[in-house]
Amino acid sequence: MIINMFKIQMKDFDLEKISKSGQCFRMNKAVGEDNRYTLIAYGNYLEIEHTEDSIFFSCTQEEWDELWVNYFDCGRDYEKICETVDKEDKYMKRAVEYGSGIRILRQEIFEIIISFIISQQNNIPRIKKCVESLCESFGEERYNFRGERYYAFPTAKRLAGVTLEELQNCNLGYRSRYILKTARMIVENEVNLAGLMDMSYEEAKVELMKLSGVGVKVAECICLFGLYHVEAFPIDTHIQAVLSENYPEGFPFDRYEGYAGILQQYAFYYDIYGKV
DNA sequence: GGACAGGGTTACG
DNA sequence: CGTAACCCTGTC
């Protein structure tokens, strides 16, 4: 059915959880297919099918090596990370078990910046709608291997050139102003995206907060999902509730130095979906 | 059907 | 430095 299926075996890889974990907004379950997902990233369209013992990707080995192996963070051992959780930490033990299969994707920086500006005071289904609307309106039109049309995420240059009225058609609410200003700042090189890659987490965070609509929380999300600083630990309303309920003495950041953000992702997922 | 909150940030006082 | 205002939808 799918042309150029590339097959791998990988543990800790659950598309359902990754797609619902609120880190990416363009990965979706294929309609009517339980184990198949579609994804648009870095301008490419990908289908993924999960069978009992293998995962199939609609790409060549070359494309896999060049892009997707890195995108799915295949070089990291998530099991090992989960094993470092304190046995006495019942909450985090449950969270990593419940969220087993979650990975942190290495996504495109500009897409992450805009997506997480949209995410403020917003919920995941609506964020997805907004992002998709933005892509349909301003993203480059392309065709997948099935001959179906899809849209790449808009470039900064394209967004910087639109009017506020045009943006508002995407139902972004008050975030339209932020997005337009941020896109323009990036095009004007007031914040240099390539430069961000070479900065430390703390430096990148400060730099990102120059952008309109980017405060502490959004900057930390961008660092975690767009720059792959897995030490970034964004605290939103969910995580805030988790911390005050389960870590009244404070979260053990020292124990998880350098990768606390990955545990944050498990906790976030568990808090949203794990409650009975 | 109106009120409210949803992965916050900005711009005031 | 605390707090209201900001858009827009889905949900109650």
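Throughout, a chain's letter reflects where its sequence line sits, starting with A, and its residues are numbered from 1.
- A salt bridge links A/Glu140 with A/Arg142: at least one charged nitrogen is closer than 4.0 Å to a carboxylate oxygen.
- Remark: C1' of B/dG8 and CE of A/Met209 are 11 Å apart, rounded to the nearest angstrom.
- As rounded to whole Å, 11 Å separates atom P of B/dG6 from atom CG of A/Asp271.
- The base of B/dG8 lies close enough to the side chain of A/Tyr174 for a donor and an acceptor atom to sit less than 3.5 Å apart.
- The nearest heavy atom of DNA chain B to A/Ser21 and to A/Gly213 marks one nucleotide each, and the one closer to the 5' end goes with A/Ser21.
- Under 4.0 angstrom from either OP1 or OP2 of C/dC8 there lies no side-chain N or O belonging to A/Lys129.
- As rounded to the nearest Å, C/dG10 and B/dT9 have C1' atoms that lie 23 Å from one another.
- Side-chain proximity of A/Asn171 to B/dT9, B/dG7, C/dC8: nearest is C/dC8.
- Close to B/dG8, at under 4.0 Å from its OP1 or OP2, lies a side-chain N or O of A/Gln121.
- Rounded to an integer number of Å, the gap from CG of A/Leu134 to P of C/dC7 is 17 Å.
- With no hydrogens or angles considered, no side-chain donor-acceptor pair links A/His50 and A/Asn35 at under 3.5 Å.
- At B/dG8, none of the side-chain N or O atoms of A/Asn122 fall inside 4.0 Å of OP1 or OP2 (strictly under the cut-off).
- Cation-pi geometry between A/Lys20 and A/Tyr273 is met: the NZ or CZ atom falls under 6.0 Å from the ring centre, inside 45° of the normal.
- Following rounding to the nearest Å, A/Leu172 (CG) and C/dT9 (P) show an atom-to-atom distance of 10 Å.
- Contact between the side-chain N/O atoms of A/Thr237 and the OP1/OP2 oxygens of B/dG8 is found at a separation under 4.0 Å.
- Comparing the C1' positions of C/dG2 and B/dG7 gives a spacing of 22 Å, expressed to the nearest Å.
- Remark: of the listed residues A/Phe116, A/Tyr71, A/Phe25, A/Phe116 is the sole one forming a ring pair (Phe, Tyr, Trp, His ring centres under 6.0 Å) with A/Phe225.
- Between A/Arg177 and C/dC7, a side-chain N or O to OP1/OP2 separation shorter than 4.0 Å is present.
- For the pair A/Ile235 CD1 and B/dT9 P, the computed distance is 12 Å after rounding to whole Å.
- Between A/Ile127 atom CD1 and B/dA5 atom P the separation is 18 Å, expressed in whole Å.
- Residue A/Lys217 places no side-chain atom within donor-acceptor reach of the base of B/dG8, judged by atom type and a 3.5 Å distance cut-off alone.
- Across all strands, A/Gly215 comes closer than 4.0 Å only to sugar-phosphate atoms, never to a base (heavy-atom distances).
- Counting any heavy atom pair closer than 4.0 Å across all strands shown, A/Leu211 reaches sugar-phosphate atoms only and no base atom.
- A salt bridge does not link A/Glu190 to A/Lys210: none of the charged side-chain nitrogens sits closer than 4.0 Å to a carboxylate oxygen.
- For the pair A/Arg106 and A/Tyr228, the cation sits on the ring face: its NZ or CZ lies under 6.0 Å from the ring centre, inside 45° of the axis.
- The nearest whole Å value for the distance from the OH atom in A/Tyr178 to the P atom in C/dC8 is 14 Å.
- Within 4.0 Å (heavy atoms only), A/Gln23 reaches at least one base atom of the nucleic acid.
- To the nearest angstrom, P of B/dG7 lies 15 Å from CD of A/Gln240.
- The partner of B/dT10, taking Watson-Crick or G-U wobble pairs whose two distances both stay under 3.5 Å, is C/dA4.
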